[in-house]
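Structure first, then comments.
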Protein chains: 2
Amino acid sequence: MAATVTKRRARTRQRLLDAALHVFADEGFGRSTVEQVCDRAGFTRGAFYSNFSSLDELFLALWEERSARMLDDVRDALAGIDPDDPEAAVRAAIDATPVDDAWYRITAEFTAHALRTPGLRRVVAAREEAIRDAILPVFVTALGRLGRQVTDERALGDALVAVHDGTAVQVLLQPEDEGARTRRQALFMNVLSAYSTPREIS
Amino acid sequence: MAATVTKRRARTRQRLLDAALHVFADEGFGRSTVEQVCDRAGFTRGAFYSNFSSLDELFLALWEERSARMLDDVRDALAGIDPDDPEAAVRAAIDATPVDDAWYRITAEFTAHALRTPGLRRVVAAREEAIRDAILPVFVTALGRLGRQVTDERALGDALVAVHDGTAVQVLLQPEDEGARTRRQALFMNVLSAYSTPREIS
DNA sequence: CCGGTCGGATACAGGAACGTATTCGATACA
DNA sequence: TGTATCGAATACGTTCCTGTATCCGACCGG
């Protein structure tokens with residue numbers, strides 16, 4: 001049964017990925033070594049090279065897996081939102097994309113890495129679009145329930161993502177300053193209202 | 001004359017910093033080595049260790065120097081703005097902080113690095129505040145000339161920085177898409193109007 | 001119960017980068 | 001011009017990491 005064999009492979013592969021997440025977060029991707037990842041995962045380098053051909057490959061695999069999972073989480077969180085309470089819905093949607101320190105570090109480095117690797121740039125861009133498209137409809141319908149019409153969906157989507165990314169850094173840089181989070185919330189609200197208009201009753 | 005001696009030191013120090021900028025941009029800070037920097041600068045490792053004690057130290061020095069210079073450039077650009085044409089002033093102010101590929105990569109990595117190094121976190125946060133404080137008055141006065149009053153300056157400052165950072169990534173990720181730049185501009189405008197109100201004539 | 005295959009462990013050699021201790025040349029000053 | 005000093009070059013030993021080639025055990029099908 002080939003599936004069982006694959007199952008074993010998949011498990012060590014997964015453990016390597018999980019270990020890498022922490023190593024990259026702690027040391028930075030650039031400063032991480034194959035050995036560190038293996039030590040943390042409880043494997044030898046032999047196992048590593050039997051699963052990946054290089055750290056770069058693992059890095060890509062890790063980023064794709066985690067960002068896809070995060071996208072799913074966001075989708076789930078958004079799906080569970082009560083659209084009859086639009087105010088709360090918006091608030092919940094904003095909270096759905098948490099500001100995670102370790103993950104931010106990894107994506108920041110990966111984005112930088114992608115910007116100097118043409119092939120990867122498109123991968124990142126595509127995932128960013130996917131996130132935008134997943135988030136957008138929730139806000140559009142929530143705003144709709146509030147009697148507001150989104151004027152330019154694409155623009156709103158980009159704006160939300162940009163605001164999320166930009167404010168995340170600020171929040172992380174000043175963990176003691178609770179005001180940063182508040183201003184973040186406010187900025188989201190302002191953008192939402194700036195990109196929508198009260199719908200005239202037909 | 002001690003100054004002459006210092007002058008020599010300063011020159012090689014500067015050449016090392018310049019070389020490091022390119023190496024870091026090309027390879028990423030994490031993947032860069034002392035040797036690469038020295039090769040590019042035309043020095044040996046001996047010269048390096050006579051000027052810096054580690055790559056980390058150079059990285060910090062480089063970032064401080066360049067970000068301070070960038071801050072000065074922004075100040076200069078803003079100083080040359082004609083406040084009698086507020087619309088153009090705002091536009092010019094937005095353009096004053098250019099979206100530079102190589103520099104973005106370096107700051108992204110440095111920020112990530114700073115987030116895992118407590119001492120550096122404050123340094124980055126402080127510089128970010130300085131940038132905010134330098135930019136803010138220009139927008140406030142420009143809005144003033146347009147008859148608008150800024151409601152919460154701190155919030156506006158943070159929002160502008162966040163929008164700048166967040167949209168910069170998008171612009172860099174999609175260099176072919178001219179729309180990204182346009183939406184960036186629009187988002188700035190929207191934020192400016194969201195954080196200010198028409199001033200009633202007293 | 002037995003051979004075959006798959007996957008992780010082991011072992012090896014090579015190379016890359018580090019940091020230091022020392023040398024050598026150039027520059028400043030008397 | 002001679003000399004002291006400063007700064008970059010050289011040379012060294014060491015550590016760490018890489019990647020591959022091989023081995024061994026476990027699980028599979030028959």
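What you are looking at is a predicted structure, and each value in this text was computed from that prediction instead of being measured. Convention: sequence-line order gives letters A, B, ...; per-chain numbering from 1.
- The distance from atom CG of A:L58 to atom C1' of D:dT18 is 16 Å, rounded to the nearest whole Å.
- Remark: A:R31 qualifies as a cation-pi partner of B:F29 under the 6.0 Å distance and 45° angle criteria applied to the six-membered ring.
- Note: CZ (A:R11) to C1' (C:dG8) measures 12 Å, nearest angstrom.
- For C:dG8, neither phosphate oxygen OP1 nor OP2 lies less than 4.0 angstrom from any side-chain nitrogen or oxygen of A:T44.
- For the pair A:S50 and C:dG8, the criterion of a side-chain N or O lying under 4.0 Å from OP1 or OP2 is met.
- Residues forming a salt bridge (charged side-chain N to carboxylate O under 4.0 Å, His left out) with A:D84 (at least two apart in sequence, or on another chain): A:R145.
- A donor-acceptor pair under 3.5 Å is formed between the side chain of B:R199 and the backbone N or O of B:G144.
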| request: Treat primed atoms plus P, OP1 and OP2 as sugar-phosphate and everything else as base, then score nucleotides 17-23 of chain C 5' to 3': B for base contact with protein heavy atoms under 4.0 Å, S for sugar-phosphate contact only, - for none. | output: SBBB---
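- If you measure from atom CD of A:E57 to atom P of D:dG19, you get 12 Å, rounded to the nearest angstrom.
- Between B:H113 and B:F59, the ring planes are tilted. Angles from 30° to 60° get that label.
- Distance from the side chain of A:R8 is smallest for C:dG7 among the nucleotides D:dT10, C:dG7, D:dG7.
- Straight-line distance from the CZ atom of B:R31 to the P atom of D:dC17: 12 Å, rounded to whole Å.
- For the pair A:R13 CZ and C:dC6 C1', the computed distance is 17 Å after rounding to whole Å.
- Distance, A:D39 CG to D:dC16 C1': 12 Å, rounded to whole Å.
- Not a single salt bridge (charged side-chain N to carboxylate O under 4.0 Å, His left out) links A:D39 to another residue, sequence neighbours left out.
- One atom, NZ of A:K7, and another, C1' of C:dG7, lie 16 Å apart when rounded to the nearest Å.
- C:dG7 atom C1' lies 15 Å from atom CZ of A:F48, rounded to whole Å.
- For the pair B:R105 (side chain) and A:A112 (backbone), a donor-acceptor distance under 3.5 Å is absent.
- Backbone-only engagement by A:F43 is indicated by non-hydrogen atom pairs under 4.0 Å involving sugar-phosphate atoms exclusively.
- The backbone N or O of A:Q36 lies less than 3.5 Å from a partner atom in the side chain of A:T33, making a donor-acceptor pair.
- In terms of phosphate contacts, A:N51 brings no side-chain nitrogen or oxygen within less than 4.0 Å of OP1 or OP2 of C:dG7.
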